[in-house]
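So the structure is just underneath, and the comments pick up after that.
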Amino acid sequence: MQVLYFAWLRERIGEPKEEVETKAKTVAELVEELRAREPRYQAAFADMAAVRVAVDQELVEMSASIEGAREVAFFPPMTGG
Amino acid sequence: MAVSVQEADFDVAAEMAALTAGRADIGALVSFTGLVREVAGGNGGMVLEHYPGMTEKALAGIEAEAQKRWQLQACRIVHRYGALDPAAQIVLVVTAAKHRQSAFEAAEFIMDFLKSRAPFWKKEAGQGWVDAREADEEALSRWR
């Protein structure tokens, strides 16, 4: 699936998106998997209270399923308007 | 669709005129324009990042909810992204209803949700990423 990063998460990861092969069933499991990979993921996901997630462009909780998802996006709380 | 996400500036008067053109069933037209405010210590201006695809969906969802709650006659949302200078227009919300109360309330509702439920992130020049405000989150509670 495609994993996207925005704002300071994108800056900490160092790229806007990547293709990720995963067996994770939920967002939270995916985050754990990514964290175990490299320090830059640990830096991006250090404070999960400051991270929001969308699965296939819908805002969801970290406990949400990612089975069959095409796109998972991580970003900070939104500041539109 | 009455939602636009664009880099280009918008013309408030033209957008309002387009909404009411050829119609006589609208009694109240409310518009809100958000501008880039200069912050102390900033270098001026900001960059607005967004999530192409999800942004349009989120705005359309907010608009649909407002249409349903207030039976609006028409509605228009324009939100810019990219590099924006101080005093530049960022966002436009126009609501049209039979009576003013619906138009006022719907415009407030749309702005409240757009602040913290549409995937935009502001980065101020020389200041870094703008933190989400607690007050913006609290503003949503009155619509529940």
Side-chain angles (χ1 to χ4, degrees), chain A residues 1-20 22 26-28 30-31 34 39-81, chain B residues 3 5 32-37 39 46-62 77-81 84 88-93 107-124 127-140:
Chain A
M1 77 183 72
Q2 288 261 51
V3 180
L4 288 76
Y5 309 99
F6 292 95
W8 55 257
L9 273 116
R10 172 178 53 72
E11 291 176 343
R12 288 184 195 178
I13 301 286
E15 51 201 339
K17 62 178 163 184
E18 60 183 333
E19 190 67 32
V20 172
T22 180
T26 65
V27 175
L30 175 63
V31 169
L34 292 170
R40 60 192 172 113
Y41 293 98
Q42 285 170 24
F45 296 120
D47 177 13
M48 291 308 289
V51 178
R52 302 288 178 270
V53 63
V55 173
D56 288 336
Q57 304 190 350
E58 294 280 344
L59 272 180
V60 294
E61 301 291 321
M62 291 294 161
S63 57
S65 169
I66 55 167
E67 288 183 272
R70 295 180 309 279
E71 197 171 292
V72 177
F74 293 101
F75 42 78
M78 294 157 274
T79 52
Chain B
V3 165
V5 181
F32 172 87
T33 309
L35 310 175
V36 177
R37 185 168 38 86
V39 292
M46 63 164 69
V47 174
L48 206 49
E49 183 171 330
H50 80 118
Y51 182 173
M54 181 175 167
T55 313
E56 290 82 354
K57 272 190 206 170
L59 295 181
I62 294 167
I77 302 174
V78 183
H79 206 304
R80 296 178 68 192
Y81 63 89
L84 295 166
Q89 304 186 122
I90 308 177
V91 60
L92 172 69
V93 172
E108 273 204 277
F109 170 90
I110 290 169
M111 275 310 302
D112 280 353
F113 274 80
L114 196 149
K115 279 274 180 192
S116 55
R117 292 294 182 275
F120 288 99
W121 302 276
K122 289 180 180 139
K123 188 177 194 178
E124 281 166 351
Q127 294 282 82
W129 295 100
V130 174
D131 284 328
R133 293 171 64 229
E134 197 70 33
D136 287 338
E137 198 57 37
E138 284 163 11
L140 301 186

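Computation of the quantities below employed the complete heavy-atom set of this structure, encompassing side-chain atoms and omitting hydrogens, waters and symmetry-equivalent molecules. Keep in mind it's a predicted model, so treat the numbers as computed, not measured. First the proteins, then the strands, lettered A, B, ... as listed; each starts at 1.
In this structure, chain B has no heavy atom under 4.5 Å from any part of A:R52. A:A54 touches chain B through its side chain: at least one heavy atom from C-beta onward sits under 4.5 Å away, while N, CA, C and O do not. Of the two parts of B:K123, only the side chain, counted from C-beta on, holds a non-hydrogen atom closer than 4.5 Å to a non-hydrogen atom of chain A.
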Worksheet entry | Test side chain to side chain contact (heavy atoms under 4.5 Å, CB included) applied to B:Y51 and A:E71, step by step | CA-CA 12 Å; B:Y51 182 173; A:E71 197 171 292; 2.4 Å; yes
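Electrostatic pairing of B:K57 and A:E58 does not count as a salt bridge here, judged by no charged N lying under 4.0 Å from a carboxylate O.
Between chain A and the residues B:G128, B:G61, B:A118, B:G34, the largest count of heavy-atom pairs under 4.5 Å involves B:A118. Considering only heavy-atom pairs separated by less than 4.5 Å from chain A, the leading option among B:E49, B:H79, B:E137 is B:E49. With chain A as the partner, the residue from B:Y81, B:F120, B:W129 showing the most heavy-atom pairs under 4.5 Å is B:W129.
Residue-level contacts of residues 74-81 of chain A with chain B, in order of numbering, are A:F75, A:P76, A:P77, A:M78, A:T79, A:G80, A:G81; threshold 4.5 Å between heavy atoms. The stretch residues 110-117 of chain B places B:M111, B:L114, B:K115, B:S116, B:R117 near chain A, each with some heavy atom under 4.5 Å from a heavy atom of that chain.
Counting non-hydrogen atoms of neighbouring residues, nucleotides and ligands closer than 6.0 angstrom, the CZ atom of B:R37 reaches no more than 12 such neighbours. The number of heavy atoms from other shown groups lying within 6.0 Å of CD (B:E134) does not exceed 12. Heavy-atom neighbours of A:E61 CD from other residues, nucleotides or ligands within 6.0 Å: at or below the threshold of 12.
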